[in-house]
Colleague: 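Please find one structure pasted underneath; my questions will follow.
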Protein chains: 2
Amino acid sequence: MIIKIDFESEIPIYEQLKRQIIQGIAKGDLAKGEELPSVRQLAEDIGINLHTVNKSYNLLKDEGYLVVDRRKGTRVSDTMPEPNEKYIDNLKEEIGYISADAYCKGIRKEEFLSICEKYFDNFIANGEDESNGR
Amino acid sequence: MIIKIDFESEIPIYEQLKRQIIQGIAKGDLAKGEELPSVRQLAEDIGINLHTVNKSYNLLKDEGYLVVDRRKGTRVSDTMPEPNEKYIDNLKEEIGYISADAYCKGIRKEEFLSICEKYFDNFIANGEDESNGR
DNA sequence: TACATGTTATATAATGTATATAACATGTAG
DNA sequence: CTACATGTTATATACATTATATAACATGTA
């Protein structure tokens, strides 16, 4: 999987990396149980410090996305994190702000929902039946 | 309009204030052309520094939400900002990440879109006809 | 003239981000 | 057992961001 860091971005490097890994998992670029590069390897590949990668990995580990196996290194968790209350509250706050901004700027409800749907659909695999459990 | 700052939040104070003003405009708590408190007044009310309020006001001014009239003070702009390319790109990136995170955590497409719709609807005034221009 | 407005200029402190270097415990491969 | 790679921890440093404090300025109002 290819990681692209924007060093001019206002979003911290560790946060960009974390987001791309989550999107990689959602898209299927990173399979459940798949091994990730070591912190040193990935840091060298991207051209950043090992501690910056380690911070991303730790945040993802705390959230339940990654697991560390002493034998097999860092891997994508076999079971995805549950949506706890804190996450739901945060999601609603973010959507609340983003939709307010979009509404003020004249984005129509249909346009807004169309974008939300398009990006969500991007993660639903071909033939995946949404009506089943995960 | 009541401003609530969470001093424990990881979101900077000036950013929280900026977001609440945008949401206030979207909800109609702040009407177009309405005068805002002075930076000193609002800073005192909230219990923060005047420069922190000034930073939020300036960001909102740069974005087109607020206008400064030497005679009438700072007011909500009569015309809302246009959705430029930078904004659209940013919106898609944010939605892309948020939906990936939601998808991984088992949020169903219907749930996700339901939240998006609910919060957007929150800003559409009673009787407002969405099919018309703004 | 007195006052309030936004604005600008410094300065300082605290925190967050990113880097650098080193060391440690654990598990793997030779 | 030895050498190596892994994640982890510990310091230290540099820099940017955030928030505050104090002061001053130009402009417009009363």
Side-chain angles (χ1 to χ4, degrees), chain A residues 1 3-22 30 33-78 90 97, chain B residues 1 3-22 30 33-78 90 97:
Chain A
M1 181 191 168
I3 301 290
K4 263 297 177 195
I5 299 297
D6 176 8
F7 293 97
E8 313 290 320
S9 171
E10 63 191 351
I11 302 172
I13 297 173
Y14 76 89
E15 179 70 19
Q16 291 185 53
L17 178 55
K18 180 191 154 197
R19 289 182 177 205
Q20 287 187 40
I21 290 174
I22 290 177
L30 291 172
E34 184 173 338
E35 188 173 347
L36 273 74
S38 73
V39 290
R40 289 175 177 85
Q41 182 64 55
L42 186 51
E44 193 184 6
D45 290 350
I46 303 177
I48 60 176
N49 191 274
L50 126 182
H51 291 102
T52 306
V53 176
N54 195 245
K55 184 168 183 175
S56 302
Y57 276 20
N58 278 325
L59 289 170
L60 289 164
K61 192 189 66 180
D62 292 344
E63 218 171 325
Y65 276 111
L66 304 183
V67 287
V68 175
D69 189 315
R70 265 289 174 196
R71 300 161 298 175
K72 299 180 180 178
T74 302
R75 299 177 303 148
V76 177
S77 176
D78 288 322
N90 187 267
Y97 164 64
Chain B
M1 183 192 167
I3 302 289
K4 261 297 177 195
I5 299 297
D6 176 9
F7 293 98
E8 312 290 319
S9 171
E10 62 190 353
I11 303 173
I13 297 172
Y14 77 88
E15 178 71 19
Q16 292 185 52
L17 178 55
K18 180 191 154 197
R19 290 183 176 204
Q20 287 187 41
I21 290 174
I22 290 177
L30 291 171
E34 182 173 338
E35 188 173 348
L36 274 73
S38 73
V39 290
R40 290 176 176 85
Q41 182 64 53
L42 186 51
E44 193 185 6
D45 289 351
I46 303 176
I48 61 176
N49 191 273
L50 128 180
H51 291 102
T52 305
V53 176
N54 195 244
K55 183 168 184 176
S56 302
Y57 276 20
N58 277 325
L59 289 170
L60 289 165
K61 192 188 66 180
D62 292 344
E63 218 171 326
Y65 276 111
L66 303 183
V67 288
V68 176
D69 189 316
R70 266 287 174 197
R71 298 162 300 174
K72 298 180 180 176
T74 301
R75 299 177 303 148
V76 177
S77 175
D78 287 324
N90 187 267
Y97 165 63

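Numbered from 1 within each chain, the chains take letters A, B, ... in sequence-line order.
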Colleague: May I ask you to verify if any side-chain N or O of A:Lys55 is less than 4.0 angstrom from the OP1 or OP2 atom of C:dA18?
Modeller: no
Colleague: Between B:Asn58 and B:Asn54, is the side chain to side chain donor-acceptor pair (under 3.5 Å) condition met? List the steps.
Modeller: CA-CA 6 Å; B:Asn58 277 325; B:Asn54 195 244; 3.1 Å; yes
Colleague: Look at all strands and tell whether A:Leu50 reaches a base, only sugar-phosphate, or nothing, counting heavy atoms closer than 4.0 Å.
Modeller: nothing
Colleague: Taking OP1 and OP2 of D:dA19, is either one under 4.0 Å from a side-chain nitrogen or oxygen of B:Asn49?
Modeller: no
Colleague: Using a cut-off of strictly less than 4.0 Å, decide whether A:Ser38 has a side-chain nitrogen or oxygen near OP1 or OP2 of D:dA5.
Modeller: no
Colleague: Considering only C:dT7, D:dG7, D:dT18, which nucleotide approaches the side chain of A:Val68 most closely?
Modeller: D:dG7
Colleague: Please determine whether a side-chain nitrogen or oxygen atom of B:Tyr14 lies at a distance below 4.0 Å from atom OP1 or OP2 of D:dT18.
Modeller: yes
Colleague: May I ask which nucleotide in the shown strands pairs with C:dT21, Watson-Crick or G-U wobble, both distances under 3.5 Å?
Modeller: D:dA10
Colleague: OP1 or OP2 of C:dA18 less than 4.0 angstrom from a side-chain nitrogen or oxygen of A:Thr52, does that happen here?
Modeller: no
Colleague: Please pick, from C:dT5, D:dT18, C:dT7, the nucleotide with the shortest atom-to-atom distance to any side-chain atom of B:Asn58.
Modeller: C:dT7
Colleague: Under 4.5 Å between any side-chain heavy atoms of A:Tyr57 and A:Val68, yes or no?
Modeller: no
Colleague: Is A:Asn54 near enough to D:dG7 that one of its side-chain N or O atoms lies under 4.0 angstrom from OP1 or OP2?
Modeller: no
Colleague: OP1 or OP2 of D:dT8 less than 4.0 angstrom from a side-chain nitrogen or oxygen of A:Lys61, does that happen here?
Modeller: yes
